[in-house]
There are 2 protein chains.
Amino acid sequence: MKRITIRDVSVKAGVSTAAVSYVLNGREGKVSPETVLKVRRAAEELNYIPDFSARSLVNNKSKLIGVVIPQTEDRKQLLLQNPFYSELICGIEARLRQSGYHMILSGVEKGEGYLDTSMQRNLDGAIITGIYQESFYEDLKKVRMPIVLIDSYIYDSHFHVVGIDDELGGYMATKHFIDNGHTNIALVTGLIRKDGVVEKRFLGYKRALKEAGLFYHPDYVFEHSVTYEYGQEAAHLIAAKHPEITAVFATSDLMAMGVMRGLRDAGKQVPEHVSVIGFDDISVARMSTPPLTTIMQDTIARGITAADRLLTAIGNTDGELPAEPTIMPLTLVDRDTVRKLT
Amino acid sequence: MKRITIRDVSVKAGVSTAAVSYVLNGREGKVSPETVLKVRRAAEELNYIPDFSARSLVNNKSKLIGVVIPQTEDRKQLLLQNPFYSELICGIEARLRQSGYHMILSGVEKGEGYLDTSMQRNLDGAIITGIYQESFYEDLKKVRMPIVLIDSYIYDSHFHVVGIDDELGGYMATKHFIDNGHTNIALVTGLIRKDGVVEKRFLGYKRALKEAGLFYHPDYVFEHSVTYEYGQEAAHLIAAKHPEITAVFATSDLMAMGVMRGLRDAGKQVPEHVSVIGFDDISVARMSTPPLTTIMQDTIARGITAADRLLTAIGNTDGELPAEPTIMPLTLVDRDTVRKLT
DNA sequence: TTGTACGCGTTATCAG
DNA sequence: CTGATAACGCGTACAA
């Protein structure tokens, strides 16, 4: 199928390429109504499809958005295994397509930056999820496209942020345990990196303890990777070494699922012996047995919001600085994994 | 950050743009070693990054691959909720990036085709998952880029196919039940469309029954949508109207999870009262309680294979026709949801 | 309303 | 044999 160019259309319509360009870009004021008709018909008949590469070349707009997702540590694959990111993508893609944009989804080789990709592809903007080393963000600042950060507490005037109140989430979960009579509450979490989301959740956990006059036991914090397997492992440790623990707050549902399995492996019932709360409310949370009590964030909505902010930022040609972070709401979904202690 | 063009590099190196182009594209045979050096250094110092749009324009290669995923019926979002697709994407993206390609991930508006996107973006190839109406494929044939189909039995000489033996999978699952003494075996499945994957699984189910001299009961087939919710609903029906059923083959793990929940809702234990087998072996299968017996396909590998086939097809400039379908292996993973009768 | 220069990189052609 | 010039691909927008 040979490519139909704007020239083909102009010939068929008996006008200039400029006229065609004007008509097809809505600048109809610049040409006569009859020319508009002729062009419309010619384009229709020839089934003309514009070449975005050519457009991109002339006006530096690609209608392309870069979306970056973290990768698994070991292998070099996207962390899409975590449904959290899948849902985010759903939201982002839906909103972008609706506005005529396409999404380039990719991970970033560790050590590599994103500047190359963004320049090569003439990206109109990017949504970055996950946390990276500082140099990565420094690089990003050099590009003059709008960028939305998700899962990041880098409040730099260069970046838009669509986040949640992670500290509050950690607090809510822990408080819920306390309200139900629990006092020995463990935390199972991924690596606590400075200014990362889990650090905030951890801080919320500590605040709730302190507020209730409970001691913070460093022994009760199990910190490693955000995986089902580690949740399981942590539960084994808890069952073996800390039988006094009656509640576990896992900073992600994926880990919470692992915790439940690990507890069961060790002969503990959930929630009879140990209560569990997760974070995110990914779809498996309600599918688990028993259904998981968790801190819900509407991830799809978050993706949509992120895309929204990006699109409006792209629209604002005047390079005004990003407004303050958008903070999405959090809700505790009380399902069946928390037991009320007499 | 102003864009560095090939001209900037040529000036800095004191040579022509042609020389720069040659060097940067490995045609070093055309220029002297010292020129090569000068160009290399200049490009390095200026941190030159080529513009893919310009390249795409001149040689019709974009290094861009389109990946299409089905959408949810109701809302207009990607079906990425089903981890099967997430895993596929992981494999595809990893392989593509490794070869310097990028992926445009998108759904397709119902009724719309993919021709527009492919032309606009000058895609080098596409990987299509899911099943669409025939006109969609007819459209696709008009484009002259290689296309890999996943989840499709359209064996047309225009398309590459990376599939599994769905019929065999259905047979394996059913046979496993029979081998364990089950005779009243239900099928819970998404819509059985002609030449779709579930039809093949359904056929395998029937073959196993027939081979064992068992009757095929249309009543035992519960057919609707590929969702957790429908699995649950089907289980309710089974428990209420067909207490004689002791085994349920769900044609996707997602549905199997729903079935297990539904059975439990109805007071039935898995596998004590009813056994269950799923399909796919998505990661939640091993996370469920009890861990789900299922037909495993290595989905990530399938994604990688699909990308591989696409890339080699793109490499073969001689427009040779696609070889026969690549069929990926299937394994029954025997976990804890099938009970041996008697 | 149109002719045409331009954006960027590639490559065929031609001069040194 | 090295390397420079210039046309080209496609769509846009300014000058005429």
Side-chain angles (χ1 to χ4, degrees), chain A residues 1-40 42-43 46-64 100 116 118-124 317, chain B residues 1-40 42-43 46-64 116 118-124:
Chain A
M1 198 179 193
K2 216 189 87 288
R3 167 142 232 131
I4 303 295
T5 76
I6 200 171
R7 217 159 309 268
D8 297 320
V9 178
S10 73
V11 169
K12 174 127 189 167
V15 298
S16 73
T17 61
V20 176
S21 179
Y22 289 136
V23 172
L24 266 33
N25 289 314
R27 303 202 198 303
E28 303 178 11
K30 309 211 66 166
V31 294
S32 74
E34 48 185 333
T35 303
V36 171
L37 268 172
K38 281 191 290 186
V39 170
R40 281 263 154 68
L46 292 172
N47 191 23
Y48 168 70
I49 300 171
D51 183 327
F52 279 37
S53 299
R55 277 197 184 157
S56 162
L57 204 53
V58 47
N59 54 14
N60 287 315
K61 284 181 182 141
S62 58
K63 292 274 179 184
L64 229 35
D116 286 21
S118 102
M119 299 286 283
Q120 284 170 181
R121 301 294 184 185
N122 254 299
L123 299 183
D124 289 349
T317 45
Chain B
M1 199 180 195
K2 217 188 87 293
R3 168 144 230 128
I4 303 296
T5 75
I6 200 171
R7 217 159 309 268
D8 298 320
V9 178
S10 74
V11 169
K12 175 127 189 168
V15 298
S16 73
T17 61
V20 176
S21 179
Y22 287 138
V23 172
L24 266 33
N25 289 314
R27 303 203 196 302
E28 303 178 11
K30 310 211 64 167
V31 294
S32 72
E34 49 185 331
T35 305
V36 171
L37 268 172
K38 281 190 290 185
V39 171
R40 282 261 155 68
L46 292 172
N47 191 24
Y48 168 69
I49 299 170
D51 184 327
F52 278 37
S53 298
R55 278 196 182 159
S56 163
L57 205 52
V58 46
N59 53 15
N60 287 314
K61 284 184 184 138
S62 58
K63 291 272 178 185
L64 229 36
D116 286 20
S118 103
M119 298 287 284
Q120 283 171 182
R121 300 294 184 186
N122 254 298
L123 299 183
D124 289 349

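Chain naming here is simple, since letters A, B, ... match the order of the sequence lines and numbering starts at 1 in each. Every heavy atom of this structure was used, including side-chain atoms; hydrogens, water molecules and symmetry mates were not.
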Item to check | Any residue of residues 31-39 of chain B with a heavy atom less than 4.0 Å from an atom of DNA chain C | outcome: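 Contacts with DNA chain C under 4.0 Å: none.
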Checklist entry - Heavy-atom distance under 4.5 Å between the side chains of A:Met119 and B:Ile4, does that happen here? => result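 Heavy-atom side-chain distance check fails, nothing below 4.5 Å.
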Next on the checklist: Could you tell me if the side chain of A:Leu57 sits less than 4.5 Å from the side chain of B:Asp51, heavy atoms only?
Outcome noted: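 They are in contact (side-chain heavy atoms under 4.5 Å apart), so the answer is yes.
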Next on the checklist: Suppose we screen for salt bridge (Lys or Arg N to Asp or Glu O under 4.0 Å). Which residues come up paired with A:Arg27, at least two apart in sequence or across chains?
Outcome noted: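 None.
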Next on the checklist: Under the criterion side-chain contact (heavy atoms from CB on, under 4.5 Å), I'd like the reasoning laid out for A:Lys38 against A:Val31: C-alpha separation, chi angles, the key distance, then a yes or no.
Outcome noted: CA-CA 11 Å; A:Lys38 281 191 290 186; A:Val31 294; over 6 Å; no
Next on the checklist: I need a per-nucleotide contact map over nucleotides 8-16 of chain D, read 5' to 3'. Cutoff is protein heavy atoms under 4.0 Å; write B for the base, S for backbone only, - otherwise.
Outcome noted: -BBBSBB--
Please list every donor-acceptor pair under 3.5 Å in which a side-chain atom of residues 10-19 of chain A meets a protein atom from a residue at least two apart or in another chain.
{"unit_1": "A:Ser10", "atom_1": "OG", "unit_2": "A:Arg7", "atom_2": "O", "d": "2.7"}
{"unit_1": "A:Lys12", "atom_1": "NZ", "unit_2": "A:Glu45", "atom_2": "OE1", "d": "3.2"}
{"unit_1": "A:Ser16", "atom_1": "OG", "unit_2": "A:Ala18", "atom_2": "N", "d": "3.3"}
{"unit_1": "A:Ser16", "atom_1": "OG", "unit_2": "A:Ala19", "atom_2": "N", "d": "3.1"}

Next on the checklist: B:Asn59: which residues meet the side chain to side chain donor-acceptor pair (under 3.5 Å) condition with it, sequence neighbours left out?
Outcome noted: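 Side chain to side chain donor-acceptor pair (under 3.5 Å) list for B:Asn59, sorted by chain: empty.
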Checklist entry - Does B:Arg55 have any side chain to side chain donor-acceptor pair (under 3.5 Å) partners at least two apart in sequence or in another chain, and if so, which? => result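 Expected list: none.
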